[in-house]
Amino acid sequence: MDLSTRFGKNGTKSILVCDDVYDHALLLQIILEAEGYEVILADSGAAAIAQIERAKPDLVLLDLMMPGIDGMEVVRCICQNPRNDRIPVILVAPSRRDSISVECQKLVSGIVHKPIEWEELIPQVEAILATPFSTGSQRNSRSFSVVGQRF
């Protein structure tokens, strides 16, 4: 199934949502479009890398656990490419119980845990989009945030 389609209105901020589970990607698309964002979907790490090159989204919301190229590999690809290293990434992790490496925390703008709490995700997205990167190295100095999970 090819999820790499583009939706939304011209002139709005674009967010690439990458999740190998169709229902998760679709739910994120619905919520983000309701907030006025243009949503680009990808169903794999390889599709995300291709969409980043093609569409240059303003933000990437990226599932950590995917078959093949996982979320961390996608983040490394983004950071190693000078044309894309300013694109902020929010990593979607499966649960708080899973440890997130220090390397990962330094390379992303934020982490959210499943199940996602929308009332916390949207303000985080807004804050990240309101603060542009001026260099790729500033990704590491940016304030880091984690959206909580209900147990």
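Listed here is the closest heavy atom pair of D20 and P67: OD2-CD, 3.2 Å. Annotation for P94 and M65: closest pair CG-CG, 3.6 Å, computed over non-hydrogen atoms. In terms of heavy-atom proximity, I87 sits nearest to I78 at O-CG2, 4.1 Å. Nearest approach of G71 to L62, heavy atoms of both residues: O-CD2, 3.2 Å. Shown here for D85 and P82, the closest heavy-atom pair between the two residues is OD1-O, 3.2 Å.
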inquiry  = One pair to check against side-chain contact (heavy atoms from CB on, under 4.5 Å): D70 and L64. What are the steps and the verdict?
reply    = CA-CA 6 Å; D70 67 10; L64 176 63; 5.5 Å; no
Trace of the side-chain contact (heavy atoms from CB on, under 4.5 Å) decision for I52 with L16 = CA-CA 8 Å; I52 290 165; L16 172 65; 3.5 Å; yes
ask   = Can you check side-chain contact (heavy atoms from CB on, under 4.5 Å) on I40 and I15, steps first, answer last?
value = CA-CA 6 Å; I40 306 159; I15 300 174; over 6 Å; no
inquiry  = side-chain contact (heavy atoms from CB on, under 4.5 Å) for M66 and C18? Distances and angles first, verdict last.
reply    = CA-CA 9 Å; M66 293 184 292; C18 180; 3.5 Å; yes
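Residues E126 and E35 are in side-chain contact: their nearest non-hydrogen atoms beyond the backbone lie under 4.5 Å apart.
Note that CG of L129 is 5.5 Å distant from OH of Y37, once rounded to the nearest 0.5 Å. In this structure, L107 CG and C79 SG are separated by 4.5 Å, a value rounded to the nearest 0.5 Å. If you take CG on L61 and CD1 on I128, they are separated by 9.0 Å, rounding to the nearest 0.5 Å. Note that OG of S109 and CG of L59 are 7.5 Å apart. Values are rounded to the nearest 0.5 Å. The CG atom of L28 lies 11.0 Å from the CG atom of D23; values are rounded to the nearest 0.5 Å. Distance check: M72 CE to R76 CZ gives 4.5 Å after rounding to the nearest 0.5 Å.
The side-chain contact (heavy atoms from CB on, under 4.5 Å) test with I90 singles out one residue from V125, I111, V108, and that residue is V125. When each of I122, L121, V39, I116 is paired with I31, the side-chain contact (heavy atoms from CB on, under 4.5 Å) condition holds for I122 and for no other.
I49 pairs by the side-chain contact (heavy atoms from CB on, under 4.5 Å) definition with I69, V74, C77, not counting sequence neighbours. Residues meeting the side-chain contact (heavy atoms from CB on, under 4.5 Å) test with L26, sequence neighbours left out: Y22, Q29, I30. For E53, the side-chain hydrogen bond (donor to acceptor under 3.5 Å, both in side chains) partners two or more places apart in sequence, or in a different chain, are N81, R83, N84.
Looking at S14, its side chain does come within 3.5 Å of a backbone N or O of D58 through a donor-acceptor pair.
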